[in-house]
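Since this is a predicted model, take the numbers as computed values, not measurements. Below, read A as the first sequence line, B as the second, and so on, with proteins coming before strands; counting in each chain starts at 1.
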There are 2 protein chains.
Amino acid sequence: MITIYDIAKLTGFSPTTVSKVFNDYPDVSLKTRRKILEAAEQLGYLPNAHARSLTTKRSWTIGILYNESSGVGMLHPYFAGVIEGFKKVATSRGYDLMFISKDIGGKKSGYLEHCKIRGVDGVVGILPDYSDPDFTELLDSDVPMVLLDQESETRGTVYSDNLDGSIRAVQYLYDLGHRKIGHIGGGNTFAGVKRMQGYLQAMQELRLPICEEHIIQGSYDYTMESGRIAMEQLLQAADSPTAVFAAGDNLAIGAMQAVKDHGLSIPGDISIIGFDDIAMAGFLTPSLTTVRQNTHALGNKAADMLIYTIEGGTTISSEVIPVELVARDSCRAIE
Amino acid sequence: MITIYDIAKLTGFSPTTVSKVFNDYPDVSLKTRRKILEAAEQLGYLPNAHARSLTTKRSWTIGILYNESSGVGMLHPYFAGVIEGFKKVATSRGYDLMFISKDIGGKKSGYLEHCKIRGVDGVVGILPDYSDPDFTELLDSDVPMVLLDQESETRGTVYSDNLDGSIRAVQYLYDLGHRKIGHIGGGNTFAGVKRMQGYLQAMQELRLPICEEHIIQGSYDYTMESGRIAMEQLLQAADSPTAVFAAGDNLAIGAMQAVKDHGLSIPGDISIIGFDDIAMAGFLTPSLTTVRQNTHALGNKAADMLIYTIEGGTTISSEVIPVELVARDSCRAIE
DNA sequence: CTGAAAGCGCTAACAT
DNA sequence: ATGTTAGCGCTTTCAG
């Protein structure tokens with residue numbers, strides 16, 4: 001391995017000067033800088049990140065926390081989209097991304113321990129359930145952090161405008177003439193709660209009766225299967241809804257299947273609207289009307305915030321990313 | 001930060017002995033070991049991975065190479081599934097995962113450079129196109145590596161049995177009575193080529209005429225949109241096929257949409273079979289018959305191989321993971 | 001069984 | 001503008 005000492009030897013300068021060149025110190029003459037750079041090129045020098053981190057206490061690494069236990073995490077397009085967006089700005093700002101699991105070195109440990117051992121500069125959390133005690137330990141630590149889909153007194157957070165999106169979804173169905181509007185919820189997750197809240201609020205504002213039978217919780221991991229089961233229940237209801245707002249596209253897809261299984265048509269018999277706008281939404285039959293989350297913007301913003309914090313900023317803010325209703329074919333006007 | 005020196009001071013032993021305890025050296029008395037462990041616990045000691053890596057030249061980090069330029073990468077369920085599987089075994093063996101991009105430190109560089117600077121112990125590649133010159137540089141290096149969806153003389157590789165899967169897909173359609181079987185290809189990717197080959201081979205073995213008009217390439221990134229476009233072309237064909245084998249589920253989904261857009265029914269007018277078995281497949285209407293790739297096994301196997309290589313093993317092998325035909329509703333028997 | 005000493009590659013005061 | 005020195009936290013001979 002080529003080190004700065006090799007370059008120093010070759011050029012006759014000291015290792016310090018060599019180091020200065022690579023760190024863009026101003027107090028190196030242009031001539032020296034050139035010589036050193038040339039020698040580095042010639043020798044094929046590459047810096048050693050570990051050595052650098054050891055002295056500077058900066059690893060230029062950001063940890064990604066995500067749900068590993070439930071199958072969801074990575075496999076959900078939402079997660080993938082956010083990470084894509086996050087990675088783009090993190091990379092451009094010089095940071096690399098590392099997955100932080102509860103285990104390290106093949107042994108059980110915890111998020112905080114893992115972060116400390118790896119010396120990550122900060123962490124981005126994308127979890128459905130932030131109440132995990134192992135997570136709160138990290139939350140109470142001094143590790144810079146930004147959270148997706150969460151509110152916090154002490155940390156920056158980023159999330160979609162779930163409330164607005166839900167209200168618009170219900171309003172949209174209302175405008176199409178629907179009065180019996182059901183909801184398939186996203187369980188006790190941050191987004192699930194917010195969307196439920198938006199649904200309830202919209203129903204109230206529109207002076208629509210809120211019928212308990214028309215509100216069914218899907219699972220916290222937004223699986224299609226749980227959407228299917230929820231819709232089954234909705235269809236059992238005495239006076240089943242003419243339209244359903246599902247808290248996630250996967251839930252909506254499961255719901256669509258249940259409707260079809262009952263020999264009913266979408267949107268003929270029941271209109272369905274989802275939340276997310278996963279890539280698939282436009283390719284379903286019928287194509288799914290949904291509330292689009294801007295996952296890319298979510299990721300971008302989260303990275304901006306985290307890096308700001310890492311680099312000394314201190315604002316604790318909540319960034320709310322606007323959503324957009326995408327009208328397709330799964331809802332129809334009635335009456 | 002608590003270091004081994006703090007523990008040494010507290011217990012009265014030398015830093016060396018402390019280090020030995022954490023590295024499970026046998027030549028430390030049980031009593032000493034206990035005292036040191038206790039002190040470590042009490043002080044809240046956590047090792048510093050950078051310092052350790054600096055001396056040992058082992059980072060316990062594995063780099064993930066994936067396609068960042070095309071939007072595909074991370075967003076495709078295939079990728080996510082493989083990484084999930086990979087991560088599980090890597091984590092259990094003590095390794096963490098880091099994304100390796102072409103950039104590092106916010107500057108353009110290259111995969112190899114990035115790997116060297118970060119000192120990863122090995123790399124797993126999941127790329128559609130391994131001919132990227134920036135990648136071949138890494139391929140020619142001494143960095144331990146395993147490749148997905150690729151064959152190589154010098155590196156371990158893991159891939160699904162694309163040939164077998166494709167042959168079975170065609171055979172399945174044949175058994176249902178189909179004789180005019182079209183193919184939507186996965187472009188010039190490893191999997192695309194293999195699946196095309198399987199299609200052609202099966203057609204020949206079944207003594208079915210191979211009609212150029214019935215073979216259309218989708219895009220190398222397997223987008224639904226490209227599947228839709230390909231199917232449009234297939235429908236223009238003078239004597240359009242009664243069944244289509246698509247090289248990926250996304251392609252199949254796009255194809256299904258095109259068929260429906262033409263007022264035709266699946267499987268009434270045209271049968272379609274895909275490849276992948278993404279989570280969505282069973283929830284489409286009609287549900288999609290497809291060839292299931294075991295992404296989890298792919299990831300597991302790749303991790304096993306890579307770690308074996310990292311830890312001194314030298315076998316260069318290709319591991320082929322079996323696939324499975326999942327019959328659903330998008331294909332029907334004719335005549 | 002325990003410890004002293006050296007060194008991994010780099011950076012940061014602090015001279016000069 | 002350049003160099004000296006010390007040290008980041010840990011492991012590894014090698015001696016005792």
(message) Of all nucleotides in DNA chain C that come within under 4.0 Å of a heavy atom of chain A, which is furthest toward the 5' end and which toward the 3' end?
(response) C/dG9 to C/dA13
(request) Check whether the side chains of A/Ser14 and A/Thr17 place a donor and an acceptor atom closer than 3.5 Å, and report yes or no. (result) yes
(request) Tell me which of A/Tyr5 and A/Asp27 sits closer to the 5' end of DNA chain D, going by the nucleotide each one is nearest to. (result) A/Asp27
(request) Please answer whether the main-chain N or O of B/Pro15 pairs with a side-chain N or O of B/Ser19 as donor and acceptor at a distance below 3.5 Å. (result) no
(message) Side chains of B/Asp132 and B/Tyr111, heavy atoms from C-beta outward: is any pair under 4.5 Å?
(response) yes
(request) Shoot me the first and last contacting nucleotide of DNA chain D against chain A, ordered 5' to 3', at under 4.0 angstrom to non-hydrogen atoms. (result) D/dA1 to D/dG9
(message) Tell me every residue that passes side chain to side chain contact (heavy atoms under 4.5 Å, CB included) with B/Ala302, counting only those two or more places apart in sequence or in another chain.
(response) B/Phe86, B/Val146, B/Leu148, B/Val158
(request) Please identify each residue that fulfils ring-ring contact (aromatic ring centres under 6.0 Å, His included) with A/His50, with sequence neighbours left out. (result) B/His50
(request) Kindly give the heavy-atom pair with the smallest separation between A/Thr3 and A/Asp6, and that separation in Å. (result) N-OD2, 2.7 Å
(message) I'd like to check A/Leu138 versus A/Val143 (side-chain heavy atoms, cut-off strictly below 4.5 Å). Are they in contact?
(response) yes
(request) Applying side chain to side chain contact (heavy atoms under 4.5 Å, CB included), name anything that partners A/Ile104, two or more places apart in sequence or on another chain. (result) A/Ser109, A/His114, A/Ile117, A/Arg118, B/Asp96
(message) Donor-acceptor pair, distance only, cut-off 3.5 Å: does the side chain of B/Asp134 make one with the backbone of B/Gly110?
(response) no
(message) Tell me the closest heavy-atom pair linking A/Thr11 and A/Ala39, and the distance in Å.
(response) CG2-CB, 3.5 Å
(message) Test of understanding: with salt bridge (charged side-chain N to carboxylate O under 4.0 Å, His left out), list the residues that count as partners of B/Lys35, not counting sequence neighbours.
(response) none
(message) Let me test you: for the helix from C/dC1-D/dG16 to C/dT16-D/dA1, what is the angle between the axes at its two ends (five pairs each), rounded to 10 degrees?
(response) 30°
(message) Rounded at 0.5 Å granularity, tell me how far OG in A/Ser92 sits from CG in A/Asn300.
(response) 9.0 Å
(request) Go through the structure and list residues passing side chain to side chain contact (heavy atoms under 4.5 Å, CB included) with B/Tyr308, not counting sequence neighbours. (result) B/Thr315
(request) Would you jot down, in residue-number order, the residues of residues 11-23 of chain B having a non-hydrogen atom under 4.0 Å from DNA chain D? (result) B/Thr16, B/Ser19, B/Asn23
(request) Name all pairs fulfilling the salt bridge (Lys or Arg N to Asp or Glu O under 4.0 Å) condition that reach into residues 135-150 of chain B, sequence neighbours left out, sorted by first residue then second. (result) B/Lys116-B/Asp142
(message) Heavy atoms within less than 4.0 Å of DNA chain C: which residues of residues 35-53 of chain B have one? Give them sorted by number.
(response) none
(request) If a pair satisfies salt bridge (Lys or Arg N to Asp or Glu O under 4.0 Å) and one of its residues is in residues 295-322 of chain A, list it, with sequence neighbours excluded. (result) A/Arg93-A/Glu311
